[in-house]
Engineer: 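I have a structure I would like to understand better, so I am pasting it below and will then ask my questions one at a time.
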Amino acid sequence: MEKTVEVSTTRLWAWDGGWGLMPAVAVLGSIWTFGVESPASESSQLLLAMGLALAWGGWGTMWRALVTTDWATSLHGWRTWDHEAMLPHFPYLQPGTPGAALHRVLRQGRAWWQSQGQYTLALPLQATFLTALLSILVSMVLGRTALLLTFLFLAWTQFAVLWNGGNGRVGPLWEAVALMGLPWLLGVSLAGTLQLEFPLSVLSVLTLILLGGSYAHPSWWALIGPLVAAGFFVWREQSLAAGAMLLLALPGWRMIPHLGISISLEQGSDIYRRVVAPWLLVMVLIIAMVL
């Protein structure tokens, strides 16, 4: 009997309401802010292209491939799986030995993959492998700091998946660190001013993480991030930017009281997340321009 399983790749490769652009905007904004003096020069364009390839093409695609996949549902059937597929025998394999038990598990795994796993997990696994390879290769060209940040991104992504049970959803703080904080820090490191601008770079990345992690939360926690960002601008004597930050936060704030009235909490969270994404992109650009 032929089993047909429809695999949807829309969420995996989509712009995700604007969140897919977040790593690109963050890394390019930080490179422009902290290091690029002549954007038209060949070296500056190469730096921008390499940073974009790593943060957007590598990290961003890997994040969507791992985090938006429902691993829990796909792997749930493996716990009670008892079907086996044909597999060549190991040399000198004896019944009742650990090798025989391993061979049985491999037969079961092959049968499960052929029947279920390949239809739901093949594309995410391929995307993860290719983007991880791309990220490591590009990071090796960019230097040790970029390579260290890539491994940190890999670890953070895996923690995010495991912490949330592999159900295809993560909280906004996990997303803010991966798609805003780490790409911004990568741009600072590529600009070569990570040590020179250490206090400012650390404060700016913390402000970004808090901004994205709180404002993307569909509750009154969304008040904290923009207020902190506005306070950061006031501390930098940029009152106009602080006012612009608060004005940009108004659409999300006005939407919060109406969430959950006629829609489920999960659906309301998705709608809110997509509504605030464009405003967050503009906020990141303002931070880059002001600094």
Side-chain angles (χ1 to χ4, degrees), residues 8-33 48 51-69 127 131 153 156-157 160 164 168-187 204-205 207-219 221-226 228-230 241 244-256 258-259 263 265-290:
S8 175
T9 60
T10 303
R11 190 180 179 191
L12 182 60
W13 304 109
W15 293 110
D16 201 11
W19 283 93
L21 285 174
M22 204 69 72
V25 173
V27 70
L28 294 181
S30 59
I31 292 176
W32 204 293
T33 300
L48 292 171
L52 184 62
L54 179 56
W56 188 34
W59 292 1
T61 307
M62 188 195 315
W63 174 264
R64 293 193 299 275
L66 283 171
V67 171
T68 62
T69 300
T131 53
F153 181 88
W156 182 262
T157 304
N164 293 275
R169 303 181 63 87
V170 296
L173 182 60
W174 294 98
E175 199 166 30
V177 173
L179 302 184
M180 298 174 67
L182 289 177
W184 182 272
L185 196 58
L186 172 65
S204 62
V205 75
T207 301
L208 272 177
I209 292 173
L210 188 58
L211 174 63
S214 66
Y215 187 59
H217 197 283
S219 68
W221 285 101
L223 295 172
I224 298 177
V228 170
M245 188 68 62
L246 295 178
L247 287 176
L248 290 171
L250 285 178
W253 288 348
R254 292 187 60 184
M255 186 179 178
I256 292 173
H258 304 287
L259 288 176
I263 54 179
L265 179 61
E266 180 176 330
Q267 185 181 1
S269 177
D270 288 338
I271 294 174
Y272 176 80
R273 179 177 171 276
R274 292 176 181 273
V275 167
V276 301
W279 303 105
L280 269 176
L281 287 172
V282 179
M283 291 178 187
V284 175
L285 290 175
I286 289 180
I287 293 176
M289 289 187 297
V290 171

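Every heavy atom of this structure was used, including side-chain atoms; hydrogens, water molecules and symmetry mates were not. Keep in mind that this is a model prediction, so the values were computed, not measured.
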Engineer: Closer than 3.5 angstrom, by distance alone: can the side chain of Y215 be matched with the main-chain N or O of G252 as a donor-acceptor pair?
Structural biologist: yes
Engineer: Would you name the heavy atoms of W253 and A222 that are closest together and state the gap between them?
Structural biologist: NE1-O, 3.0 Å
Engineer: Give, for atom OG1 of T131 and atom CG of L66, the distance between the pair rounded to the nearest 0.5 Å.
Structural biologist: 7.0 Å
Engineer: Find the distance between CG (L173) and NE2 (H217) and round it off to the nearest 0.5 Å.
Structural biologist: 9.5 Å
Engineer: Got a sec, which residues hit side-chain contact (heavy atoms from CB on, under 4.5 Å) with V228, two or more places apart in sequence or on another chain?
Structural biologist: L210, I224
Engineer: Once side-chain contact (heavy atoms from CB on, under 4.5 Å) is applied, do any residues pair with P23, and if so which ones, sequence neighbours excluded?
Structural biologist: A55, L179, P183
Engineer: Check step by step if side-chain contact (heavy atoms from CB on, under 4.5 Å) holds for T207 and W184.
Structural biologist: CA-CA 11 Å; T207 301; W184 182 272; over 6 Å; no
Engineer: Should we count CH2 of W156 as having more than 12 external heavy atoms under 6.0 Å?
Structural biologist: yes
Engineer: Might you point out which heavy atoms bring R274 and P278 nearest each other, and give the distance in Å?
Structural biologist: O-CD, 3.4 Å
Engineer: Can you find a heavy atom in the side chain of W56 that is under 4.5 Å from one in the side chain of V27?
Structural biologist: no
Engineer: Mind running side-chain contact (heavy atoms from CB on, under 4.5 Å) on M255 and I271 for me, showing each step along the way?
Structural biologist: CA-CA 10 Å; M255 186 179 178; I271 294 174; 3.3 Å; yes
Engineer: Please round to the nearest 0.5 Å and tell me the distance separating atom CG of L186 and atom OG of S30.
Structural biologist: 7.0 Å
Engineer: Please find the pair of heavy atoms, one from W221 and one from S214, that lie closest to each other, and give the distance.
Structural biologist: O-CB, 3.2 Å
Engineer: Here's a test for you: under side chain to side chain contact (heavy atoms under 4.5 Å, CB included), which of T33, L211, V282 qualifies with I287?
Structural biologist: L211
Engineer: Measure across F153 and A178 and return the closest heavy-atom pair with its distance rounded to 0.1 Å.
Structural biologist: CE1-O, 3.4 Å
Engineer: Given the rule in the side-chain contact (heavy atoms from CB on, under 4.5 Å) test, do M22 and L281 qualify, once you have shown the distances and angles that lead to the verdict?
Structural biologist: CA-CA 7 Å; M22 204 69 72; L281 287 172; 3.5 Å; yes
Engineer: Does the side chain of W174 come within less than 4.5 Å of W63's, by heavy atoms?
Structural biologist: yes
Engineer: For M180 versus L280, what's the shortest heavy-atom pair and its separation?
Structural biologist: CE-CD2, 4.5 Å
Engineer: Might you point out which heavy atoms bring L52 and A24 nearest each other, and give the distance in Å?
Structural biologist: CD1-CB, 3.4 Å
